[in-house]
Amino acid sequence: MKIILSFLFFFSFLYADKFDVIESVKISEDLNSFKNASYLEYKDKKVKQFAIKVKLKKKNYLDKNYYLTVISDYDNMTYTNTIYKNYNHMMLIKLDKTAPDVLYFEYEYDTPKRPGFRVKVISQSEYENLLPYEGIIYGVAYGIIFCAFLYYFIIYFSIREKYFLYYSIMQLFVLLSLIGFMIVSFKPYPTTFAQTLIDILENMSFIFTLLFAKEILNAKNKLSFSSSLINFFLWINTIDIGIILLINYSLLYEYMPFYISFLIPSLLGLLSIINGNKNAIIYTIGWSFMASFVYMAEKDLIPFSGIYTIHFAAPMESLIFTLALAFALRRIVKEKNEKEKLLIHKEKLASMGEMINNIAHQWRQPLTHLSFINMNLQMASYDEKLSKEYLDEKIEESNKQLEFMSSTIDSFRDFYKPQKEKENFYLSKAIKQAVDIMAVLLEKENIELELDIRKDKKIYAYENEYSQVVLNLITNAKDVLVQRQIEDGKIKITIDSYFDKSFTTVCDNAGGIKKADLNKIFEPYFTTKDSGSGIGLYMSKTIINSHFKGKLRVENKKEGACFTIEV
């Protein structure tokens, strides 16, 4: 982009001619004596009047169809010797046998100003197939690049991978550079401010290109030499921005071909592939494409104007890298799913531990009762008072305890049994299932549990999963009450429904959650317990969000923390 801008605008009196049609472009201030047009001479010079003489090589275009485009201060033109038509922002002159060998343009200003004139030769193909649709070309290019910027900027906030952010910002600077380039293309020459701004935007786009390459290729960890090379070019581009602010144009790209900017990440991608990173293949193709395209533009190997060339290349680069990032996104999602499966497995193991602990507490009383029954039978046998009636009474009593223990096993088995299909159930039923399991443990810790059913609601979902979430919230409340040694500990569960939504609230009186921890409480592996895994609340929120399309949130109330399930 830089080299094209330099050729077309920076040397504003030099002509753009890929087809060897223009022999010379000369300027005159007195309208009589002409000399070669020079950017350096007229960069800051102001004139009241001037004339431009364009000498053509007629033999080179008689058997071909070419057009001459002239961008100048059209309103200040006082004379020309050629036939032309106004086309958008330019004068358009057909080069045929009727065209003069020497074209003459004369301009006069009300007040002295910098002379503005730019001439370019285009082909018949460009005239017919590109020029009429340049607005569409620009619009499509900007649309593709803006969508790439916005899409991956949004993805970054969900994935939190830096290369999505770097790529997004790179696309933003490319877009701004192209828009600046397009605006300047309507002018006879760029202003100093426009030249400075576009140079800075292009440098910034390359800086974020390097940051993107460094991050996506994991150069810091896997390619130490590549990382050092990237850091070197990051520094010189940063320094070049400082130079641009001082002298108003890029010094770095005055001496270094711009295609080198894309050749560097291409070589780094190739090196990454050699080191076994198959994910770098598409990135390398994208960078190689841009390096080749810009090289051909520098060497005038593309038979179209630079402005169209770059408006084709930039969105094509966006599409190639979008494909590459799509594969990266797929890999990240797959890794996230694997990680989530691991978390679910860990949560199941933790739940099984809680289940065994609860069963032990549930069975402790009936086992003690059975022990007393056996003792009574033994003592009756020793005293020879073991009558048939007494034996039947104790057998019936023991069977009741065994039935209780059996029902406990059934309750826990049904509670943790995975459900393959959704079903209709009342929230109160699912919540009571969790309450019943925790009852003995809460009684042991002298914690009061209050269930307030204000307005019950039937929902169509997975009952066991809802019960497990409530059980996790009750367990957390119990743990914090015990950990903080709260006297008269209390857990209150409220069920309510309004606006076609159900709300289950689990509150405790343990004093609440620290403000610094409120935003982290649902993050995986974050815990305030001495021996917690930090995955219970994360999995609870995931279950409510994914399987119930609801919300799980927390807030501090006067006495303690309140978790609300909204479904």
Side-chain angles (χ1 to χ4, degrees), residues 1 3-28 34-39 42 50-74 77 80-107 115-134 137-138 181-182 184-190 293-313:
M1 192 168 1
I3 197 71
I4 298 170
L5 183 64
S6 297
F7 277 138
L8 293 187
F9 300 122
F10 192 70
F11 304 101
S12 57
F13 286 115
L14 296 182
Y15 52 84
D17 180 14
K18 302 174 185 289
F19 309 105
D20 195 27
V21 171
I22 299 176
E23 183 174 317
S24 65
V25 178
K26 297 182 179 291
I27 186 171
S28 172
F34 286 84
K35 58 185 177 181
N36 288 329
S38 168
Y39 167 77
Y42 286 94
F50 73 98
I52 294 289
K53 188 163 62 175
V54 181
K55 189 174 182 181
L56 303 173
K57 298 178 182 180
K58 200 164 190 174
K59 62 179 182 178
N60 288 356
Y61 66 78
L62 283 179
D63 57 341
K64 297 180 182 179
N65 294 317
Y66 293 115
Y67 287 81
L68 203 67
T69 65
V70 176
I71 296 179
S72 64
D73 295 315
Y74 173 76
M77 188 175 70
T80 183
N81 67 334
T82 186
I83 298 173
Y84 67 90
K85 69 175 181 178
N86 292 328
Y87 190 91
N88 201 359
H89 57 287
M90 67 180 72
M91 297 164 56
L92 199 60
I93 302 165
K94 186 175 183 179
L95 299 181
D96 54 20
K97 61 183 180 180
T98 63
D101 295 344
V102 178
L103 305 180
Y104 186 82
F105 305 88
E106 193 173 305
Y107 298 86
F117 185 89
R118 178 157 49 88
V119 62
K120 178 178 63 177
V121 179
I122 64 172
S123 66
Q124 178 79 14
S125 176
E126 181 174 332
Y127 170 74
E128 292 178 347
N129 301 315
L130 296 180
L131 193 62
Y133 309 106
E134 65 177 11
I137 293 170
Y138 298 159
F181 182 38
M182 181 269 296
V184 170
S185 73
F186 288 88
K187 308 294 182 181
Y189 54 82
F293 215 88
V294 174
Y295 175 81
M296 289 189 291
E298 286 184 337
K299 302 301 181 182
D300 280 337
L301 300 177
I302 300 176
F304 300 115
S305 298
I307 192 165
Y308 300 130
T309 299
I310 202 63
H311 277 82
F312 281 126

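In what follows, residues are counted from 1 in the order of the sequence shown.
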Side chains of Asp73 and Phe117, heavy atoms from C-beta outward: is any pair under 4.5 Å? no
Is there side-chain contact between Leu92 and Leu131, with heavy atoms separated by less than 4.5 Å? yes
Donor-acceptor contact present, side-chain Thr80 to main-chain Phe105, <3.5 Å: no
Is the closest side-chain heavy-atom distance between Val119 and Leu68 below 4.5 Å? yes
Is any side-chain N of the basic residue among Lys57 and Asp20 closer than 4.0 Å to the acidic one's carboxylate O? yes
Kindly indicate whether the side chain of Ile52, heavy atoms from C-beta on, has any atom under 4.5 Å from the side chain of Val25. yes
Contacts of Asn65 that satisfy side chain to side chain donor-acceptor pair (under 3.5 Å) - sequence neighbours left out: none
With Glu23, which of Lys59, Lys58, Lys55 fulfils salt bridge (Lys or Arg N to Asp or Glu O under 4.0 Å)? Lys55
Flag if over 12 foreign heavy atoms under 6.0 Å of OH, Tyr87: yes
Holding to side chain to side chain donor-acceptor pair (under 3.5 Å), I want the full list of residues that pass it with Asp96, two or more places apart in sequence or in another chain. Thr98
Find out whether Val21 and Leu95 are in side-chain contact, i.e. whether some heavy atom of one side chain is under 4.5 Å from a heavy atom of the other. yes
Is there a side chain to side chain donor-acceptor pair (under 3.5 Å) between Glu134 and Tyr308 once you walk through the steps? CA-CA 8 Å; Glu134 65 177 11; Tyr308 300 130; 2.8 Å; yes
Can you say whether the rings of Tyr84 and Tyr74 are parallel (under 30°), tilted (30 to 60°) or perpendicular (over 60°)? perpendicular
Do Phe181 and Ile310 make a side-chain contact, defined as non-hydrogen atoms from C-beta onward lying under 4.5 Å apart? yes
When you measure from the centre of the six-membered ring of Phe34, is the NZ or CZ of Lys53 closer than 6.0 Å and no more than 45° off the axis? yes
Tell me, please, which residues at least two apart from Tyr107 pass side chain to side chain donor-acceptor pair (under 3.5 Å). Ser72
